[in-house]
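These numbers come from the heavy atoms of this one structure, side chains and all, not from hydrogens, waters or symmetry mates. Values in this document were obtained by computation on a predicted structure and should not be read as measured data.
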Amino acid sequence: MEILATILSGLSFLMAVMLLIKHPGFTLGFFFVWLPKLTAGALSSVWAIMGAAGAILGWASGAYWAIPLGILGAGVMIWYVWRCTRDHDGFEEAFGVDWSEKIAPGQAEHMIQRRWTGVSKLNGSPEYSWERDVPFWTITEPASASDMGTGRELLCDLWRPASGSGSGLVFIYCHGSGWSIMDKDMFTRPFFRHLVSQGHTVMDIAYRLLPEVDIYGMVGDVKRAVAWMKANADDYDVDPEMIVLGGGSAGGHLALLAAYTPEHPELTPEELDGVDLSVRGVVSYYPPTDLLALYQHTDQRKMAGRPPVAIGPDSTMTRRDFARLDIFLGGWPQDVPDAYELGSPASHVQPGSPPTLLFQGEQDGLVPAEPTCALHAKLVEAGVPAINVVFPSTDHAFDLALPQINPAAQSALYDVDRFLALLRNRGVIKK
């Protein structure tokens, strides 16, 4: 029993240390800290139980060294769960003190009722359709210098509620990628099933990545998804005025950029000139909001000596070039400073920008929290309904790690439920 007490208390204490430790910056050491830190937060309730059990067994068996380790481990984890799941006043500040009364009772009953429920299957609908690899656009000819290929089909997955139970709202989701890896259907099925249970339709898009296209091609693909859904709204029984963009990390950046620039000539494909690309709102998880700040945070000056990489089918890009901003934006800040401003969502905030829900980990090793907070302040100053939720000691991609038990992921989903329900109320946003 002494060995068991030591193991339980030791593991709980070790994971508490991992939860509290800060990254050494965007270096090779980041990858050795990120996954354990993510696991520590996602399974915080498990580590708390293990620490408490280890302390009790240590007292019962005489393994007294296990008592302080278990108490400390359990205490840190309980603190983390409490901090991640406590209420905030973001909705009141964004939508008024009576914000909860603006949600229809029929919608409210399907939402998560508490910020954290321990082990949960999340809300799920037994009746929904999941249509995979649906073409939503074909690149028939280059729309800009970044669109090198022709005949390229853009694909999406469509998650739809049972017939007659839809809310009319469409959530277009852009996956995380560092602008250069991954694809749609990336650990998001629990999230999408939950949204469908609310009656929402989900369009999970596969936008093109580096080195096929740069920023202009990527944000263009997101806008093509918006245009396609609006054009096909009747076929999918949705409201073309109820489209919400969302995403995580690089996908969250593209969602914000597309939402804030529906008519920007440099960030809109020529074939969409004159098309209504406005959206109802945007939900963004840990997005890069200021690309110059991201350049500094990730210390990409160290990459300046690497050979230039061209966009297109003959590109020489390798894995070592992951998330290189000079490839994404066409150069380094000293060479193309305007591109860094153009590609930063914070540069495009103005009165009338769509309502925004932001989530950020306080100790995100990839994307710093400070620029996201600055974006939120800028939105508030412009009179845009905006909510920014910063989870303590939480890292990048927290929402994708075991959401059925993860307190930060469930608390974020609690807010998403209410944000989307509010957007369905046409009178909630003052024009």
Side-chain angles (χ1 to χ4, degrees), residues 19 37-49 74-105 107-124 171 187-188 190-198 200 244 246 248 252 281 283-286 355-364 369 372-373 376 385-424:
L19 186 67
K37 190 175 180 68
L38 199 64
T39 304
L43 295 175
S44 50
S45 60
V46 175
W47 307 125
I49 293 171
V76 168
M77 293 303 173
I78 292 171
W79 166 85
Y80 176 74
V81 172
W82 171 73
R83 285 289 305 278
C84 286
T85 59
R86 62 179 182 174
D87 287 330
H88 58 76
D89 56 4
F91 283 95
E92 181 176 323
E93 293 177 354
F95 297 104
V97 294
D98 59 342
W99 68 269
S100 60
E101 299 174 11
K102 300 173 183 177
I103 298 176
Q107 186 73 11
E109 66 185 24
H110 296 290
M111 300 188 299
I112 292 178
Q113 300 304 310
R114 291 185 294 169
R115 288 192 171 274
W116 184 61
T117 58
V119 179
S120 171
K121 295 182 179 179
L122 303 180
N123 290 347
F171 188 76
F187 312 117
T188 47
F191 181 34
F192 294 161
R193 281 195 291 265
H194 178 77
L195 292 180
V196 172
S197 76
Q198 311 290 300
H200 308 319
V244 178
V283 178
S284 192
Y285 288 79
Y286 37 86
T356 302
L357 176 59
L358 300 164
F359 297 110
Q360 182 73 43
E362 181 188 31
Q363 294 183 6
D364 193 313
T372 303
C373 296
H376 174 252
I387 301 169
N388 182 37
V389 183
V390 181
F391 295 107
S393 299
T394 299
D395 213 330
H396 205 71
F398 67 87
D399 58 311
L400 305 179
L402 303 173
Q404 296 86 350
I405 193 172
N406 188 331
Q410 288 191 22
S411 187
L413 193 56
Y414 178 97
D415 287 335
V416 171
D417 281 357
R418 284 146 184 82
F419 183 74
L420 296 182
L422 282 166
L423 294 187
R424 290 184 60 199

Side chain Q363, main chain D395, donor-acceptor under 3.5 Å: no
Does A369 offer a backbone N or O that forms a donor-acceptor pair with the side chain of E362 under 3.5 Å? no
Between CZ on residue F359 and OG1 on residue T394, distance to nearest 0.5 Å: 12.0 Å
Just jot down the side-chain hydrogen bond (donor to acceptor under 3.5 Å, both in side chains) partners of T356, sequence neighbours excluded, or say none. Y260
Mind listing the closest non-hydrogen atom pair of L413 and I112 along with its distance? CD2-CD1, 3.7 Å
Using atom types as modelled and distance alone, determine if a side-chain donor or acceptor of W79 lies under 3.5 Å from a backbone N or O of A74. no
Rounded to the nearest 0.5 Å, what's the gap from OH on Y80 to OG on S393? Could you check? 7.5 Å
For V81 against P407, the heavy-atom pair lying closest together: CG2-CG, 4.1 Å
For residues S100 and F91, determine if any side-chain heavy atom of one lies less than 4.5 Å from a side-chain heavy atom of the other. no
Can you measure from CE (M111) to CZ (R114) and round to the nearest 0.5 angstrom? 15.0 Å
Quick one: CG on L357 to CG on N388, what's the gap to the nearest 0.5 Å? 9.0 Å
Can you confirm whether S411 sits close enough to F391 that some side-chain heavy atom of one is under 4.5 Å from a side-chain heavy atom of the other? yes
Provide the closest heavy-atom pair for Q107 versus A421 in the form atom of the first, atom of the second, distance. CG-CB, 3.7 Å
Will you find, in the side chains of H200 and R424, an N or O donor that is under 3.5 Å from an N or O acceptor? no
Nearest heavy-atom approach of I78 to A48 is CG1-CB, 4.1 Å
Closest non-hydrogen contact found for A412 with F398 is CB-CE1, 4.3 Å
I'd like to check the side-chain hydrogen bond (donor to acceptor under 3.5 Å, both in side chains) partners of Y285; sequence neighbours left out, ordered by chain and number. none
CD1 of I387 to CG of D415, rounded to nearest 0.5 Å, is 6.5 Å
Heavy-atom donor-acceptor pair, H376 side chain to A386 backbone, under 3.5 Å: yes
Closest approach of Q410 and G118, non-hydrogen atoms and distance? NE2-O, 3.2 Å
Taking side chain as C-beta onward, heavy atoms only, is T372 less than 4.5 Å from D364? no
Taking the side chain as everything from C-beta on, heavy atoms only, tell me whether F419 gets closer than 4.5 Å to F95. yes
Distance from E93 atom CD to H88 atom NE2, nearest 0.5 Å? 10.0 Å
